[in-house]
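Since the structure comes first, as structure tokens, the remarks are kept for the end.
Position 1 is the first residue of the sequence; numbering continues from there. Worth saying up front: this structure is predicted, and the values here are computed from it rather than measured.
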Amino acid sequence: MAINWFPGHMHKARKEIKEVMPQMDLIIEVVDARIPFSSENPLVPALRGDTPLIKVLNKRDLADPDVTGQWQSWLERERGVKTITLTHNQRSEALDILNLAEQLTPNHDRQKSALRVMILGIPNVGKSTLINTLAGRPAAKTGNEPAVTRAQQAIKLPNNILLYDTPGFLWPKLSPAACGYRLAVTGAIRSAVLDFEDVALFAAEYLLAHYPEFLTSRYGLDPLPVDGLAAMDAIAARRRFFGRGGIPDLHKVSEVLLNEFRAGTLGRISLETPRLIQHETEIALAEAEVQAVLDAEKAIADGKKKAKTRRNRKR
């Protein structure tokens, strides 16, 4: 299924960010270390120009450390981009962001004017918690559900930094489709709009392919199931999740699998690598080219059909 979540307040936030971003001296983008590509904001590369960018790979303690290192190297290939990894309870590491901000803006005189910094992040990525850490006070609302921040606000930080907090938002169409699933697995999309079993099946398939040992150790699956659905059935059997007539309760399995993934109970897992994203991007581009050809051929055929109709009417 196609996963999309774009409430009205997200559309408003997108417009406001587009207007304000060119006025910033520095951008901080908080992404989920488990999905650095799927959780990045497409407005940033499109609008930042030469503005320095700090990519904060948050929830480092939940991600595969080897893959996180790959992402840091990959992201820092782009000019003006620096990365830092964080966990939710490391205040000293979070404050290193302020030092990095100084390094990336050496020509800005803070005696004359405040350093204008915009901070962005998709829902539930930990942006508000980071803001409160940087400010040293409760300056932003926090919560376990996505989309707690609904409006922009300016927050004063030490060393004459003015931090512009922005609502977390997604985009009207999540592409490729796997990005939507990854966001759903990590909890970035409100649960009410999801098919839990569909999302959990995606997670089970990925875990079987990339982290089978975590499924084996956590749920005692031996032998290893042949596919995601078989894995979910096996978990139901091990945990005794059955409905009427002894049918596996896949909704209960889905809740447990997703909640344990999000809590890090399964282990440190990354849902994407630079190589995987590069492969998916190449496929998406090829499909887009094919679709463009089909659309062009259809437009020509429609044009000929209309022309023929007009000629027949004139007779």
At what distance, to the nearest 0.5 angstrom, does [atom1] of [X] lie from [atom2] of [Y]?
| X | Y | atom1 | atom2 | result |
| --- | --- | --- | --- | --- |
| E280 | L276 | CD | CG | 4.5 Å |
| L221 | L215 | CG | CG | 6.0 Å |
| I247 | F242 | CD1 | CZ | 11.0 Å |
| R79 | R77 | CZ | CZ | 15.0 Å |
| N124 | T186 | CG | OG1 | 8.0 Å |
| R262 | R34 | CZ | CZ | 8.5 Å |

Taking all non-hydrogen atoms of both residues into account, name the closest pair between [X] and [Y] and its distance.
| X | Y | answer |
| --- | --- | --- |
| T166 | I119 | OG1-O, 2.8 Å |
| D32 | S39 | N-OG, 3.0 Å |
| D25 | T105 | O-CG2, 3.8 Å |
| A188 | I122 | CB-CD1, 3.7 Å |
| P212 | L224 | CB-CD2, 3.5 Å |
| M232 | E197 | CE-O, 4.2 Å |

[Y] and [X], any side-chain heavy atoms less than 4.5 Å apart:
| X | Y | answer |
| --- | --- | --- |
| R60 | E93 | yes |
| W71 | E272 | yes |
| L194 | I189 | yes |
| L130 | I97 | yes |
| I235 | V256 | no |
| I161 | L98 | yes |
| F37 | Q278 | no |
| F196 | K252 | no |

Looking only at atom types and distance, does a side-chain atom of [X] sit under 3.5 Å from a main-chain N or O of [Y], one as donor and one as acceptor?
| X | Y | value |
| --- | --- | --- |
| Y164 | I155 | no |
| H108 | A114 | yes |
| E29 | V56 | no |
| H210 | E205 | no |
| D249 | F241 | no |
| N58 | V31 | no |
| S38 | I35 | no |

Would you mind checking if [Y] and [X] are paired as a salt bridge, meaning a charged N to carboxylate O distance below 4.0 Å?
| X | Y | answer |
| --- | --- | --- |
| D64 | R268 | no |
| K127 | D165 | yes |
| E213 | R218 | no |
| E76 | K55 | no |
| K298 | D302 | yes |

Hey, quick one: are [X] and [Y] part of the same hydrophobic cluster, counting side-chain heavy atoms closer than 4.5 Å, chains of contacts allowed?
| X | Y | result |
| --- | --- | --- |
| L86 | L62 | no |
| L95 | L100 | yes |
| Y206 | I277 | yes |

Notebook entry, point to check: Checking side chain to side chain contact (heavy atoms under 4.5 Å, CB included) for the pair N160/L115: CA distance, chi angles, key distance, verdict?
Noted result: CA-CA 6 Å; N160 201 16; L115 185 72; over 6 Å; no

Notebook entry, point to check: Do E260 and Y219 meet the criterion of a side-chain donor-acceptor pair at a distance under 3.5 Å?
Noted result: yes

Check: So, D66 versus Q70: side-chain donor-acceptor pair below 3.5 Å or not?
Finding: no

Check: Checking side-chain hydrogen bond (donor to acceptor under 3.5 Å, both in side chains) for the pair D295/Q291: CA distance, chi angles, key distance, verdict?
Finding: CA-CA 6 Å; D295 291 343; Q291 188 60 50; 2.9 Å; yes

Next item on the list: Starting from the C-alpha separation in whole Å, work towards a yes-or-no answer on side chain to side chain contact (heavy atoms under 4.5 Å, CB included) for L250 and L229.
Entry: CA-CA 9 Å; L250 295 186; L229 185 58; 3.9 Å; yes

Next item on the list: Specify whether F202 and Y181 have parallel, tilted or perpendicular ring planes, treating 30° as the upper limit for parallel and 60° as the lower limit for perpendicular.
Entry: parallel

Margin query: N132 vs T129, test: side chain to side chain contact (heavy atoms under 4.5 Å, CB included). Steps then yes/no.
Written below: CA-CA 5 Å; N132 293 338; T129 300; 5.6 Å; no

Item checked: D50, CG atom: more than 12 neighbouring heavy atoms under 6.0 Å -> no

Notebook entry, point to check: For R110, does the CZ atom sit with more than 12 other heavy atoms under 6.0 Å from it, leaving out its own atoms?
Noted result: yes

Next item on the list: List the steps, then state whether side chain to side chain contact (heavy atoms under 4.5 Å, CB included) holds for R116 with L26.
Entry: CA-CA 7 Å; R116 296 165 300 177; L26 176 73; over 6 Å; no

